[in-house]
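Note that the structure is predicted; figures quoted are calculated from it, not measured. The sequence lines fix the lettering, A, B, ..., with proteins before strands; numbering per chain opens at 1.
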There are 2 protein chains.
Amino acid sequence: MDNQLLSFTEENYLKIIYLLTERHNGNEVSTNQLAEHTQTKAASVSDMLRKLAEKNYINYRKYQGVTLTEAGEQIALGVIRKHRLWEVFLVEKLGFGWDEIHDIAEQLEHIDSKELTKRLDDFLENPKFDPHGDPIPDAKGKMPSVSYQKLSEIPLNQSVVMMGVSVHSPAFLQHLDKQQINLGCGLKVLEISDFDKSYSILLDGKTTIFVSNEVAKNLLVSIDE
Amino acid sequence: MDNQLLSFTEENYLKIIYLLTERHNGNEVSTNQLAEHTQTKAASVSDMLRKLAEKNYINYRKYQGVTLTEAGEQIALGVIRKHRLWEVFLVEKLGFGWDEIHDIAEQLEHIDSKELTKRLDDFLENPKFDPHGDPIPDAKGKMPSVSYQKLSEIPLNQSVVMMGVSVHSPAFLQHLDKQQINLGCGLKVLEISDFDKSYSILLDGKTTIFVSNEVAKNLLVSIDE
DNA sequence: ACAAAATTTTAGACTAATCTAAAAATATAT
DNA sequence: ATATATTTTTAGATTAGTCTAAAATTTTGT
Ligand SMILES: [Mn+2]
Ligand SMILES: [Mn+2]
Ligand SMILES: [Mn+2]
Ligand SMILES: [Mn+2]
């Protein structure tokens with residue numbers, strides 16, 4: 001409604017480039033990685049990269065991967081802001097589980113109306129994090145910086161708070177639900193098994209639970225102070 | 001999400017065919033009418049009609065206009081249901097005016113998730129009408145029948161209630177806002193001017209207002225009993 | 001009834017996004 | 001260092017949705 005400058009497809013590419021660049025600490029994203037995340041083939045990605053470079057949304061040197069330009073980053077952050085706000089709506093207002101919302105938000109993130117985004121933000125009382133613990137970029141296009149650590153990198157017996165997840169698959173999230181591991185709960189690693197590197201964790205200072213190494217690597221926490 | 005059988009474009013065509021057929025009391029819709037409402041050219045419409053007929057969503061005989069098949073009507077009603085539910089959301093929850101919501105709902109109506117529609121409906125407390133007074137089809141794909149009359153067809157001094165509008169343009173809706181004509185208010189035609197066929201109307205039994213014939217023809221009312 | 005006007009369809013072309021197969025460039029491994 | 005493997009790009013098609021111009025059909029007016 002406001003300007004529909006870009007197609008859904010272009011928005012998705014820019015968003016994915018942003019998230020993968022972030023994940024690689026600012027390093028270039030490769031064609032194959034994009035093909036995997038866009039569910040297309042490398043040839044299709046090459047075409048799209050040429051187009052996005054032409055429009056000055058990405059920095060692209062053939063065979064060398066891509067990063068976003070300032071313009072591209074602003075588009076990406078706008079899409080991510082909408083995605084995360086809608087996820088908050090789906091969970092807080094409609095009662096969806098955090099494992100059910102991703103695909104719906106994947107569609108809602110492309111709704112084009114500045115005013116809608118602004119009113120939605122206010123309706124949700126200007127949330128700073130989405131239901132997976134990911135920070136929500138502000139209306140100016142600034143991404144808040146957060147410093148979470150993987151639970152697998154925390155020393156034994158250090159009390160931490162569960163802040164986010166680095167994998168968003170329904171299977172993983174449902175697994176956490178079953179073990180009652182939620183955002184905000186207190187965690188303390190009691191022991192790591194020599195046998196399979198699985199974790200014994202004290203949950204909320206009350207119950208002891210066991211999680212695989214794979215799970216521990218994908219729990220994001222911060223030191224409890 | 002659920003099945004994404006149809007493109008946005010196809011959904012829009014089916015919705016428009018439904019609404020125009022309804023407006024013509026079941027008569028066929030012409031290619032040119034569709035071209036006007038889809039903002040395309042007649043040639044493009046012909047192509048799309050061939051395609052929709054092939055998929056059995058419409059009954060189409062060349063040069064004779066189209067109607068929806070049962071399958072096409074179910075798609076159309078699903079889209080209209082979502083459009084109107086989202087309009088209720090925008091007005092009731094986000095505080096938009098009834099003149100600001102159409103273009104946003106035009107996008108939201110294509111979000112594909114049965115579960116989302118169901119939860120949205122419950123969140124809104126299962127509204128039966130949208131902010132323009134239009135009935136909301138139920139989850140089974142049934143459109144409630146309503147019997148509104150144009151204010152211009154009501155005898156003098158008959159008390160009626162404002163139930164809907166037959167034009168949704170922002171300009172018209174804003175005009176009604178300025179005159180404080182809202183859904184649910186009481187109206188009584190006191191006099192029709194010989195000079196320009198404009199109306200003197202008693203509003204809510206209190207104030208007398210004047211509206212043009214053009215306005216009176218687009219106000220939908222029902223007899224107050 | 002029939003010519004003129006209006007409407008609708010067809011023909012042929014274009015753009016966006018995708019694909020497969022082949023060619024080019026880069027990375028890796030002895 | 002150089003052959004082999006991997007990654008990326010290019011070439012050439014395909015599909016959806018749109019367009020303009022021309023042909024076909026229906027409607028209208030006398
Ligand atoms: Mn998306
Ligand atoms: Mn999220
Ligand atoms: Mn629409
Ligand atoms: Mn409406």
### Pairing residues for B:Glu153 by the side chain to side chain contact (heavy atoms under 4.5 Å, CB included) criterion, not counting sequence neighbours
B:Gln149, B:Lys150
### Query
To the nearest Å, how far apart are A:Leu6 CG and C:dA16 P?
12 Å
### Query
With sequence neighbours left out, what residues match A:Arg119 under side chain to side chain contact (heavy atoms under 4.5 Å, CB included)?
A:Glu115, B:Leu94, B:Phe96, B:Glu100
### Message
If I take atom CD in residue A:Glu36 and atom C1' in nucleotide D:dT7, what distance separates them, rounded to the nearest angstrom?
### Response
14 Å
### Query
Is it true that B:His83 and B:His102 have ring centroids separated by less than 6.0 Å?
yes
### Task
Could you tell me whether B:Lys93 sits above the aromatic face of B:Phe123, with NZ or CZ closer than 6.0 angstrom to the six-membered ring centre and within 45 degrees of the axis?
yes
### Query
Are A:Tyr13 and A:Phe8 close enough that their ring centers fall under 6.0 Å?
no
## Note on the structure
When rounded to whole Å, the CD to C1' distance for the pair A:Gln33 and D:dT8 reads 13 Å
### Query
Whole Å only: how far is the CD atom of A:Glu54 from the P atom of C:dT15?
13 Å
### Task
Using the six-membered ring wherever Trp is involved, compare the ring planes of A:Trp98 and A:His132 and label them parallel, tilted or perpendicular (cut-offs 30° and 60°).
parallel
## Note on the structure
B:Met48 atom CE is separated from D:dC19 atom C1', nearest whole Å, by 14 Å
Identify each atom pair where a protein N or O and an N or O of nucleotides 9-12 of chain D are less than 3.5 Å apart, giving names and distance.
{"residue": "D:dT9", "atom": "OP1", "partner": "A:Tyr60", "partner atom": "OH", "Å": "2.4"}
{"residue": "D:dT9", "atom": "OP1", "partner": "A:Tyr63", "partner atom": "N", "Å": "2.9"}
{"residue": "D:dT9", "atom": "OP2", "partner": "A:Thr31", "partner atom": "OG1", "Å": "2.8"}
{"residue": "D:dT9", "atom": "OP2", "partner": "A:Ser46", "partner atom": "OG", "Å": "2.6"}
{"residue": "D:dT9", "atom": "OP2", "partner": "A:Tyr60", "partner atom": "OH", "Å": "3.4"}
{"residue": "D:dT9", "atom": "O5'", "partner": "A:Ser46", "partner atom": "OG", "Å": "3.4"}
{"residue": "D:dT9", "atom": "O4'", "partner": "A:Tyr63", "partner atom": "OH", "Å": "3.4"}
{"residue": "D:dT10", "atom": "OP1", "partner": "A:Lys62", "partner atom": "NZ", "Å": "2.3"}

### Query
What's the CD-P distance between B:Glu10 and D:dT18, to the nearest Å?
10 Å
### Message
Under 4.0 Å from OP1 or OP2 of C:dT20: is there any side-chain N or O of A:Lys41 that close?
### Response
yes
### Query
So, is A:Asn32 near the phosphate of D:dT8, with a side-chain N or O under 4.0 Å from OP1 or OP2?
yes
